[in-house]
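Notes for the one structure printed next.
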Amino acid sequence: MAFMGRGARSASLLVAVTVLSSALPSLGFHASGCWGLVPRGGAASRSAIGASVRPGSCVPGLRAARMLDEAAVAKNMEAVEAGTAGKASTKVFKAVKKSSGAFVPLQEFARSKAPAENIRSMLYQNWSFNQRRDKRAAIIVDTTVPEAMDDLELFVKEQQKAKGSFPGAIPVLRSGPMTVKAVAEAKAVGADGVVVSFADDGAADVVAACAALSMEAVGLVADEAQLDAAVQAGCTIIGVKAGMDDKLYSAGVALKAKIPATCAVLAYIDSRISGTPQEVFDAQEVTEVDGKLVIPELPIVLQQINAAKVAKFQGVIIYRALTDIDSGEEVGFGNWLCAAALTKASAKFANLSKDYVPGGGGRPPVKPEGILTRLEGSTGR
């Protein structure tokens, strides 16, 4: 081995450190206006991250690829096959059936696309934190898109940070195509339960798997036969899909009357029945004709939510409330629907757009103008 002097060794070390540091992110001022990790490699790579970050939001973290713990899944499958019920969990039930009788909106995140780049974990964590801060009952993640299992795990881990504090973690549920193995996978990442449709074969087996793993199942039903099957399987939380195409949600209200009083009952409403978020907001703009304000009809999705409230449902699962967590408009739409669900129908007009600002993060510093909606059955002021 050739002997290297102190000066040569220092020079070599400097070169090595320089090469290594050029490949690592640095702490810098991000385009979003926050300090955080910024990749090296020139303005192009820095602006690539900053381009999709909304002003005022936290800097994206580096999101590592995740691998499902197959050993944990296998262990869960063994527990299911053993057929022994675990300790009964009521976390989700208590979250949706409030002793106060408060109506609870639950947003479902249904990813509409695979992520273009895997670097935005902070956006997911921020959204999860905001659900807890806003006292939402639970988070539901549709895992139809395979990458959504990453989302499910991110939400679970973020909620776990709140254990032991007030108001504490909120439940996280898996939805989408559901099988016994899907339940075992959900348990492996720490989910509290699943949403299962009784229109599908094997729904009762899914509920039994949840019981074995101390998880809870929300049974989705569209008619009386499915309701009977869900109750017989042991579901204590029922989601009513009937009437999704009716603005008064009449079939859903009728089916609710047949559900045992011991169950928690949630309406299941498609957020997109009135169109895309932009179409809904455009249709809600107040116009002036001949000096008079013309107030548009309440969107069908909000009429259905209001019908569920009047019928004393415990809450509503807002299907596809959010499909792109990187989009300020999408996040604002979900927040807007939840705000509408919680608005008291005691005034003739209620501004239900307070959580939406185009291109923003959903909580504008000033009240946006031009979007007024009227609640059914409201009184004048």
Side-chain angles (χ1 to χ4, degrees), residues 89-110 131 134-142 170-176 178 191-200 203 206-207 210 215-224 226-231 233-246 248-273 300-322 334 337-342:
S89 173
T90 58
K91 181 178 179 180
V92 181
F93 182 88
K94 290 178 179 178
V96 299
K97 193 169 186 178
K98 304 286 189 183
S99 57
S100 63
F103 189 79
V104 294
L106 293 79
Q107 292 193 56
E108 181 188 59
F109 173 46
Q131 298 307 294
D134 294 340
K135 300 179 181 179
R136 303 295 181 235
I139 292 173
I140 301 175
V141 183
D142 186 326
I170 61 176
V172 181
L173 310 177
R174 180 181 186 178
S175 66
M178 199 55 56
D192 299 284
V194 302
V195 179
V196 57
S197 173
F198 273 79
D200 299 334
V206 167
V207 177
C210 285
M215 300 172 71
E216 293 172 83
V218 178
L220 297 182
V221 302
D223 55 41
E224 196 167 349
Q226 292 177 17
L227 170 60
D228 291 343
V231 172
C235 283
T236 58
I237 309 171
I238 303 296
V240 179
K241 292 185 70 174
M244 290 178 68
D245 56 349
D246 174 9
L248 296 180
Y249 198 54
S250 304
V253 171
L255 188 58
K256 178 188 179 294
K258 302 178 185 298
I259 299 175
T262 53
C263 292
V265 187
L266 303 171
Y268 187 84
I269 290 172
D270 186 357
S271 71
R272 310 291 158 141
I273 190 171
I300 293 176
V301 59
L302 294 189
Q303 292 192 49
Q304 290 184 336
I305 290 173
N306 196 47
K309 287 180 68 175
V310 171
K312 304 298 182 184
F313 281 73
Q314 270 76 49
V316 56
I317 296 174
I318 307 176
Y319 171 55
R320 297 189 296 174
L322 175 62
L337 291 174
C338 287
L342 296 173

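Keep in mind that this is a model prediction, so the values were computed, not measured.
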When every non-hydrogen atom of A341 is compared with those of K309, the smallest separation belongs to O-NZ, 2.9 Å
Scanning both residues in full, the closest heavy-atom pair of V253 with A307 reads CG2-O, 4.3 Å
Which of D200, V221, V231 passes side-chain contact (heavy atoms from CB on, under 4.5 Å) with Q226? Answer is V221
So CG of D223 and CG of D228: to nearest 0.5 Å the spacing works out to 9.0 Å
### Query
Given side chains that start at C-beta, do those of T262 and T236 come closer than 4.5 Å, heavy atoms only?
no
By salt bridge (charged side-chain N to carboxylate O under 4.0 Å, His left out), D192 pairs with (sequence neighbours left out) K91
Do P105 and L337 come within less than 4.5 Å of each other through their side chains, counting heavy atoms only? no
Distance col, row L266:CG vs K241:NZ, nearest 0.5 angstrom, shows 14.0 Å
In short, Y268 meets Y319 closest at the heavy-atom pair OH-CD1, 3.1 Å
Does some side-chain heavy atom of I318 sit less than 4.5 Å from a side-chain heavy atom of I269? no
CE of M244 to CD1 of I300, rounded to nearest 0.5 Å, is 12.5 Å
Taking every heavy atom of Q304 against every heavy atom of I273, the minimum-distance pair comes out as NE2-CD1, 3.7 Å
All heavy atoms of V96 vs all of A264, minimum pair found to be CG2-CB, 3.8 Å
Under 3.5 Å: donor-acceptor pair, side chain of Q314, backbone of V265: yes
Between the CZ atom in F109 and the CG atom in D142, the distance rounded to the nearest 0.5 Å is 9.5 Å
Check your understanding: Does any non-hydrogen side-chain atom of Y249 lie less than 4.5 Å from one of I305?
Key -> no
Residue pair F198 / V207, side-chain heavy-atom distance below 4.5 Å = yes
What one should report as the nearest heavy-atom pair of S271 and V301 is CA-CG2, 3.8 Å
- [ ] Flag the pair V218 / I317 as yes when at least one side-chain heavy-atom distance between them is below 4.5 Å, and no otherwise.
- [x] yes
So CG of L322 and CD of Q131: to nearest 0.5 Å the spacing works out to 8.5 Å
The reported gap from CD in E108 to CZ in R320 (rounded to nearest 0.5 angstrom) is 9.0 Å
